[in-house]
Amino acid sequence: MSTEDRPPAPRSLAEALRARGDASLGALLRSRPDLITPVPTDLTQLATRAGTRASVVRALERLDRFALQTAEALAVAADPAAYGELLGLMAGDDADPAVVAALPHALDLLREQALVWGDDDRLRLVRTARELLAPSPQHPSPTGLGPTVQEATAGMSPGRIQEIVTAAGLASTHDSVSAVTALAGLFTDRARMAALLADAPADSLDVLERLVWGPPYGQVTADPAPRLRWLLDRGLLLPTAPGTVVLPREVALHLRRGLAHRAPEPVPPVVETAAVHRPQVVDSAAAGQAHTALATVEELLKDWDEGGPAVLRAGGLSVRDLKRTAVALDVPEPVAAFWVELAYAAGLIASDGEADERYAATPAYDEWLELPPAERWSRLVTAWLAATRTAGLVGGRDAKDRTLSALGPGLDRSAAPEVRHRVLALLAGLPEGAAPAAGSVLARLRWERPLRGDRREDDLRGRLAEWALSEAEQLGVTGRGALSAQGRALLGAPAAPAPGPEAEPSGPGDKLPVHHHHRPAPLTALSPAEQAVASAAAARLLARLLPEPLDHVLLQADLTAVAPGPLQRPLADMLGVLADVESKGGATVYRFTPGSVRRALDAGQAASDLHAFLAAHSRTPVPQPLAYLIDDVARRHGHLRVGAASAYVRCDDDAVLSEILADKRAAGLGLRRLAPTVLAAQADPAGLLEGLRAMGFAPAAESAEGDVLITRALAHRTPPRTAPEPVPDGPPVPDDTLLAAALRAIRAGDLASTTPRKPGAAPAANGELPRTGAAETLATMQAAVLTGEALWIGYVNAEGAASQRVIAPIRVEGGFVTAYDHTADEVRTYPLHRITGVAELADDAG
C-alpha cells in the first residue's frame, strides 16, 4: 500500500476504535464487559471508559505473562514507540527467535484489549496503563529499570551536568538540554558504551552488576568510595535524593544487552504428565469415586433428615457440629466441609428459617433422590463447577480475623469457577489416561494470570487450583488424577489427543516423563443451555459405568449383614432403619442391635414383617441369633405404655412399675403412683419415652383411646429454597443479542456526535445538545419530511436523560414527530417539546 493510499494514523484511542469493524469491537466488549455497563453513548465515551484506572487494572490482570511483559516494555519505551524499539526491548540484541515469533500475537492482544493503539511505527500504551507500569520511586517497574537520563537529571544543576558530560568524554555544550541528549546518546550507543566501560575499574563494574536487574536504587555516603565516584563522575549512576543514587535506564539496557526483562516468557510452561493409565482404568476409578460421592451426600442428608445442626448467630456451622459431621461421614473435617458446601451449592440443604434456626434438607433433596444415580451426579458436579463458595477456606480467617465457618458468610471467591474450569481444560488437553504433575498445572496457571493485587491473592489462586484438582478427584470428574470420559463430556471438550509413542505406558500405573508441548485451544465457559447438554452427555457416559443396585444382602451369624454393592433404594432405606452401618467401602457391613430392631418396631414394623423382609432379601438363611434378637425385642416392645397426663405410665405388671419407681435414674422424670398399674409423670410423653428407654425398658406410646401409636421419624424439610447464586467476577460477558444491540447503539451515538452540521445551524459546543426555538424546530422537521433529509437532534426523555440522535422525519402531527431513528435502528415517535434543538447535516456527511 502506498503512502497516499494508507489511511491516516489515529490521533487518539477513540479514533483507533472508530476505525475498527464490528467484529473487532465485539471482541473488545466480550473481553472487557465492564465497558458496556452501562452502554456508552458513543465511541469517545467508550475510549474514555477504557482508560479509567479500574478498567485498566482489570484488563491488565487478565493478560498472560508474555502479553503483560510486552505492556511493561512499552511502559519503559519512548511514547510513541516504533515496533523495532519494542522488539529490541523484548528480544534483546540476540533477537531471541521465540520472542520474535510470539511478539506480534502479544501486541495484537494488547490492541484488541484497547490497552495499546496506533500503527507499528507509533505504538502507544494507554496513559493509565503507562502510569501503572512505568518506573517510579514509589512503584518500581516489574522490569527492574529506573528512570531515563533525562528524568534522573531533571533537578540537577547545569554546571554538574556539564561536568558529567566532560568526564564521560563528550564535548561540553551551551545548554543542559543538549548535554543530557548527548549523554543519553552515548549510553544508547553500544560501541561507545563498550569503550567507556572497558576503562572502568573492576569493583565499579561489580556495583553496576548488582543494580542492573533491579532494584536500580542504591545508597551512598556523603564521601563516596572511589568505585562509586568513578561511576558518579560519568553519569553511570545519578543522584536522585540525598544519599540515594539510581542506575539510568539507558545504562541498564546496555548492560542487559537491550532486554527489558531478565527472562522473557513467550511460550507458556508445558503441562507435564506424571503418570499414564489406561483410559478404562481412569473411567472406572472415576465412576467408583462418583458412586462414593453420591453415597456420602445421601448419608450427610440422612444424618440431617430430622433437623440438622443449629445455625450460628453469625451464620454457618459451629466447629463442634462440623467435627460431629466429619465423624458421621468418616472423613477429615476439610473434606466434610466440602461435602456440606457442595450440598448447599446444589440446593439440597438450607436453613429452615425457624425461630430455633437449624439446617435441614430442602424439598429439592427429595426430588434429587428420585433421579437415576448418574443424573444425581451430574447435578452435583454442575453445581460444583459454577459455585463461587470455596470450602477450602473453612477454618481460615477473614480480613477482620474472624474464623470462616462452613455454610457461613465470607466463603465466596469469584475466581473459583474460572480456575476450576481452566484446571479441567488443561487436563482435557492431555492424552486420555494422562495425569498431570500438579506443579506444572500451577506453573501454567501462573503464566496465564501472573498479576494480582497482592501476594495473598496470588496464593489464593494457586490454592484454588489445588483444591480444584482434589475436589475433581473426590467427585469422580477425574480418576487417578486423569480426566475421565465423563469429565471431558462435562466440559464439552473434544476427543483427547492421541498419545505419542513415548507416552505408551508399560503398565496401568507407570510414571513416564512425558512433556506435551502442544497448546490446545482453550475451552471457553459454556452457556447454561450448553452446560445442560454437556451434563446430560456426561451422565449418559457415567450411567454405563455405575454398578446396578442389588436387591439382596448376605446375613451372617454374628448379627451382621453384608451388602456386596449398592442396594436398591427401598432395601437400603429399610435396612438403614433395621440395622446400623458398621463399615463402608466396596461392601457395606450392617450390624443388628436391640436398639436398631426397636427402631424398626417404633417405625411401625411387626416382628413378622421383619422376619419376612430378611427372608426375602437374604441370599443366606436367616441366622438363628438374629431371629431370636427380633423376637426378644418384639416381646418386650410395648409392654409399657406412655400417654399424656402430663404423661403417665401404665403396666399390667405392678412389679415393673415398682422397679421403675425404685430406680434412681427415674428421679428426673417426676414419677408417682396413681394406681397399682399406673404412674403419673411431670415429664412430657416424648421425654418419658426417652427416659424409660435409657433405663433399659421398651415402652410404646399410646393414643387417648389406648391404641398403640406407631411413631415414624418425620423428615424435617425447609420451605422451598433456591440454591445460592454464585458471586460474579465482574460484569457478565454479554450474549450475542446484547452485544449486537450495544454495538448498534454505540455506532449510532457516534454518528450523532461526529456527523458534520451545516454552518450556522447552531452546532453544539463541547458535546452539548443543539438548541433551537420551538418554531424553528417545527419548521425544520416539516421541511425534512418533504426532502427526506436526516437531522441531528438533542432529546431529553421522561427520566431527564439527555442524548444526541440522528433521525429521518417521516411525519409531524399533533405535537409529535415520527421518524426513523438511526441511533435505535428503528422507527420511533418523539414529543416535540422534549426535543431541545435540531440541526441539519452537512451535504457530505457520511
Main-chain N/O of Leu393 paired to Thr390 side chain as donor or acceptor, under 3.5 Å: no

Ser596-Asp580 side chain donor-acceptor pair, cut-off 3.5 Å: no

Carboxylate-amine/guanidinium proximity below 4.0 Å for Asp736 and Arg30: yes

Criterion side chain to side chain contact (heavy atoms under 4.5 Å, CB included) on Leu445 and Leu426, from CA distance to verdict: CA-CA 9 Å; Leu445 291 176; Leu426 290 176; 4.1 Å; yes

Heavy-atom donor-acceptor pair, Ser484 side chain to Gly479 backbone, under 3.5 Å: no

Electrostatic pair Arg461:Glu418 at N-O distance under 4.0 angstrom: yes

Minimum-distance pair of heavy atoms, taken over all atoms of Leu491 and Ala425: CD1-N, 3.9 Å

Whether Thr620 side chain and Leu554 backbone form a donor-acceptor pair below 3.5 Å: no

Residues Asp412, Thr388; criterion side chain to side chain donor-acceptor pair (under 3.5 Å); working and verdict: CA-CA 5 Å; Asp412 283 290; Thr388 55; 2.6 Å; yes

Heavy-atom donor-acceptor pair, Thr362 side chain to Ala360 backbone, under 3.5 Å: no

Other residues, nucleotides, ligands: >12 heavy atoms within 6.0 Å of Arg65 CZ: yes

Salt bridge present between Asp366 and Arg717 (N-O < 4.0 angstrom): yes

Check: Thr382/Ser535 side-chain N/O donor and acceptor closer than 3.5 Å: yes

Phe66 vs Trp447, side chain to side chain contact (heavy atoms under 4.5 Å, CB included): CA-CA, chis, key distance, verdict: CA-CA 8 Å; Phe66 188 66; Trp447 185 90; 4.1 Å; yes

Under 3.5 Å donor-acceptor, His421 side chain and Pro417 backbone: no

Over 12 non-hydrogen atoms of neighbours within 6.0 angstrom of CZ in Arg619: no

Trace of the side chain to side chain contact (heavy atoms under 4.5 Å, CB included) decision for Glu432 with Arg488: CA-CA 10 Å; Glu432 288 188 17; Arg488 196 177 300 277; 4.2 Å; yes

Arg379/Glu375 under salt bridge (charged side-chain N to carboxylate O under 4.0 Å, His left out): CA gap, chis, key distance, verdict: CA-CA 6 Å; Arg379 291 275 185 96; Glu375 291 185 29; 5.8 Å; no

Sequence neighbours excluded - salt bridge (Lys or Arg N to Asp or Glu O under 4.0 Å) pairs with any residue from residues 530-545: none

Under-4.0 Å salt bridge between Arg449 and Glu61: no

Ion pair check, Glu298 and Lys302, cut-off under 4.0 Å: no

Heavy-atom closest pair, residues Tyr344 and Pro724: O-CD, 3.1 Å

Any donor-acceptor N/O pair, Arg320 side chain to Leu317 backbone, under 3.5 Å: no

Under 3.5 Å: donor-acceptor pair, side chain of Ser440, backbone of Glu272: yes

Minimum heavy-atom distance between Gly410 and Leu404, given as atom pair plus value: O-CD2, 3.8 Å

Minimum heavy-atom distance between Pro436 and Leu430, given as atom pair plus value: CB-CD1, 3.8 Å

Backbone of Arg376 reached by a side-chain donor or acceptor of Trp368 within 3.5 Å: yes

Backbone of Asp558 reached by a side-chain donor or acceptor of Arg591 within 3.5 Å: yes

Donor-acceptor side-chain pairing of Gln474 and Ser470 below 3.5 angstrom: yes

Backbone N/O of Thr718 and side chain of Asp352: donor-acceptor pair under 3.5 Å: no

